[in-house]
Amino acid sequence: MNYQQNLETVGIIETAANEMKGLLELAQSYVDANEENHEVQNLGLIIERMTEHINKIYDLFEEKKIDELLNS
């Protein structure tokens, strides 16, 4: 890939990671507001795991690791 394509790819992945992070935070807020509902709490466990993985991807952007990988 050339430099411009790398920038576009990084932008797409970073935008998706940011949006997923926001959506997971919104979902977690819903779970927290409905903590008396057992079924909703089961969703909370799934959301927690998804958040862990999204945070790993998000951290790669914060540390500029994705840029380094695509520009190597």
Side-chain angles (χ1 to χ4, degrees):
M1 272 196 248
N2 66 37
Y3 182 74
Q4 185 61 34
Q5 288 172 319
N6 287 353
L7 285 178
E8 290 172 11
T9 300
V10 167
I12 290 167
I13 297 168
E14 187 172 16
T15 298
N18 281 323
E19 188 160 335
M20 288 189 301
K21 191 173 191 296
L23 291 170
L24 286 170
E25 288 169 1
L26 180 63
Q28 187 63 52
S29 295
Y30 173 79
V31 167
D32 292 344
N34 293 283
E35 62 187 40
E36 70 282 346
N37 185 324
H38 184 68
E39 289 180 15
V40 171
Q41 285 306 308
N42 287 338
L43 291 174
L45 297 174
I46 295 168
I47 291 168
E48 285 178 30
R49 292 289 294 153
M50 291 172 63
T51 300
E52 288 175 26
H53 292 290
I54 287 298
N55 284 338
K56 289 176 187 177
I57 294 169
Y58 189 79
D59 289 345
L60 292 174
F61 285 101
E62 292 291 308
E63 299 167 6
K64 302 290 186 200
K65 298 289 185 188
I66 298 292
D67 291 344
E68 291 173 15
L69 179 64
L70 289 174
N71 292 319
S72 62

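In this text, all values refer to a predicted model and were calculated from it rather than measured experimentally.
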Which heavy atom of Leu24 sits nearest a heavy atom of Ile47, and at what distance?
O-CG2, 3.9 Å
Donor-acceptor check, side chain of Gln5 to backbone of Asn2, threshold 3.5 angstrom: yes or no?
yes
If a pair satisfies side-chain hydrogen bond (donor to acceptor under 3.5 Å, both in side chains) and one of its residues is in residues 22-36, list it, with sequence neighbours excluded.
Lys21-Glu25, Gln28-Asp32
Which pair of non-hydrogen atoms, one from Ala17 and one from Ile57, has the smallest distance, and what is that distance?
CB-CG2, 3.9 Å
So which pairs with a foot in residues 37-55 pass side-chain hydrogen bond (donor to acceptor under 3.5 Å, both in side chains), sequence neighbours left out?
Arg49-Glu52
Determine, step by step, whether Asp59 and Glu63 satisfy the side chain to side chain contact (heavy atoms under 4.5 Å, CB included) criterion, reporting the C-alpha distance in whole Å, the side-chain angles of both residues, the deciding distance to 0.1 Å, and the verdict.
CA-CA 6 Å; Asp59 289 345; Glu63 299 167 6; 4.2 Å; yes
One should read off an interatomic distance between Met50 CE and Leu43 CG, to the nearest 0.5 angstrom, of 10.5 Å
Is there a side-chain contact between Val10 and Phe61, using heavy atoms and a 4.5 Å cut-off?
yes
Checking Leu23 now: which residues fulfil side-chain contact (heavy atoms from CB on, under 4.5 Å) with it, not counting sequence neighbours?
Glu19
All side-chain contact (heavy atoms from CB on, under 4.5 Å) counterparts of Met20, not counting sequence neighbours
Ile54
